[in-house]
2 protein chains.
Amino acid sequence: MGISGGRDRPVGRPRRRQEEGTGVIPSDGPGFDEVIARSQAACDALSEEEDGLKREVLAHAGNRWPLGVVHALGVAGTLRHAELARRLEGVTQRMLTRTLRQLERDGLILRHDHREVPPRVDYALTELGRGLLMGMMPLWTWVIDNAASFRAARRRFDGQDAP
Amino acid sequence: MGISGGRDRPVGRPRRRQEEGTGVIPSDGPGFDEVIARSQAACDALSEEEDGLKREVLAHAGNRWPLGVVHALGVAGTLRHAELARRLEGVTQRMLTRTLRQLERDGLILRHDHREVPPRVDYALTELGRGLLMGMMPLWTWVIDNAASFRAARRRFDGQDAP
DNA sequence: CAGCATCCCCAAGGATACTG
DNA sequence: CAGTATCCTTGGGGATGCTG
């Protein structure tokens, strides 16, 4: 489904020239309009099920641990449960296990149980997992680069209606 | 903080050659290792506060409506509350308002209240908002392109331990 | 029209204790 | 070591009704 409603309101798109001082990188310039147009087309072509799936996969990006796990595995290659726990710092076994199961379910990581005693299980990224990691990087670094802008925006917002 | 623990375990990174049949695009090839290395450096340099901020901003990507709003505004340029509600299809006023406030707080959209009767308020992306949209696109289209892989992975996972 | 108030549900996430 | 099982808190999100 995606965007509903009709094509009403051609809108000359008169934006540009309205941010008072967010002081940000000129991240568009290449081709904002073209990018948007293509993505709109892609989204309109999505079935309801595909749309749901898309959001569920994207949700990994918004949750606490998934990206940390994927990143750690991307760096190290293969890690055991305890090694991941050490690298994530702060994660509980419960959350780590849950996270790993979900990532495995979505085909982003592979779980290999050596079936030994004591237990030995290690995890590695799949091709899909590496793709996600690669896809996240631009956004990730962009967010980091603009951390100051976000902080400033929040302070402005929180300060003008709260006190 | 980021990744904790030491540099232990150089790990020759012996991956590659382990996905049984996820059947995905060869999304790396350009420079997976370099990308990871750079991102690790960036993450290690993050303060705890920056790390939290990063996750909070990224969370917009995982939630139900934020990206829909940003996308709609990216396409249309400027939209009123009701116009957004129509385009989002399924959103309630409550969630739309909440979403808009959060996006405004993070400096991603601008809210312009014309202070008329009847009320007239419209929203537009800020430079930061356009940046987020641009940053999301690669990942977004990647997820859409690989929807089939995710579906397959889930079916495989759900089928092998549930029944 | 824009949006706040209220009620309710559920998944993410933390803490803690226990097991094969 | 790698997990389960329990309990509890938050915040996203849907439904519905009311107001300036």
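Predicted model only: the values in this text are computed from it and were never measured. Naming: A, B, ... by sequence-line order, numbering from 1 per chain.
- Between A/E116 atom CD and D/dC1 atom P the separation is 14 Å, expressed in whole Å.
- Atom CZ of A/R105 is separated from atom P of C/dA11 by 12 Å (rounded to the nearest Å).
- Spacing between atom CZ of B/R120 and atom P of C/dA2 amounts to 9 Å, rounded to whole angstrom units.
- Atom-to-atom, CH2 of A/W65 to P of C/dA11 comes out at 21 Å; the value is rounded to the nearest Å.
- Closest contact between the side chain of B/P118 and the listed nucleotides C/dC1, C/dA12, D/dA2 involves C/dC1.
- Here B/R154 pairs with A/E56 in a salt bridge; the nearest charged N to carboxylate O distance falls below 4.0 Å.
- Under the 4.0 Å criterion applied to side-chain N and carboxylate O atoms, B/R80 and B/E83 are not assigned as salt-bridge partners.
- At C/dA2, one or more side-chain N or O atoms of B/R80 fall inside 4.0 Å of OP1 or OP2 (strictly under the cut-off).
- Rounded to whole Å, atom C1' of D/dG14 lies 15 Å from atom CG of B/N63.
- Without hydrogens or angle criteria, B/E50 side chain to B/S47 main chain gives a donor-acceptor distance under 3.5 Å.
- With rounding to whole Å, B/R115 atom CZ is found 15 Å from D/dG20 atom P.
- Residues from residues 92-102 of chain A placing a heavy atom under 4.0 Å of any atom in DNA chain C, listed by number, are A/R94, A/M95, A/R98, A/Q102.
- Here the C1' atom of nucleotide D/dA2 and the CZ atom of A/R86 are 13 Å apart, to the nearest Å.
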(message) One pair to check against side chain to side chain donor-acceptor pair (under 3.5 Å): A/H114 and A/D122. What are the steps and the verdict?
(response) CA-CA 8 Å; A/H114 294 258; A/D122 45 37; 2.9 Å; yes
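- A/R64 has its CZ atom 15 Å from the C1' atom of D/dT10, to the nearest Å.
- The side chain to side chain contact (heavy atoms under 4.5 Å, CB included) with A/V35 is formed by just one residue from the set B/M136, B/M137, B/R130; it is B/M137.
- For the pair A/G62 and B/P119, both in contact range of DNA chain C, the more 5′-proximal nearest nucleotide belongs to B/P119.
- If you find the closest nucleotide of DNA chain D to B/P66 and to A/H81, the one lying nearer the 5' end belongs to A/H81.
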(request) In sequence, state the C-alpha distance, the side-chain angles, and the governing distance for B/L100 and B/L84, and then conclude on side chain to side chain contact (heavy atoms under 4.5 Å, CB included). (result) CA-CA 10 Å; B/L100 288 168; B/L84 274 168; 3.8 Å; yes
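- The structure places CG of B/L108 at 5.5 Å from CG of B/L128, a figure rounded to the nearest 0.5 Å.
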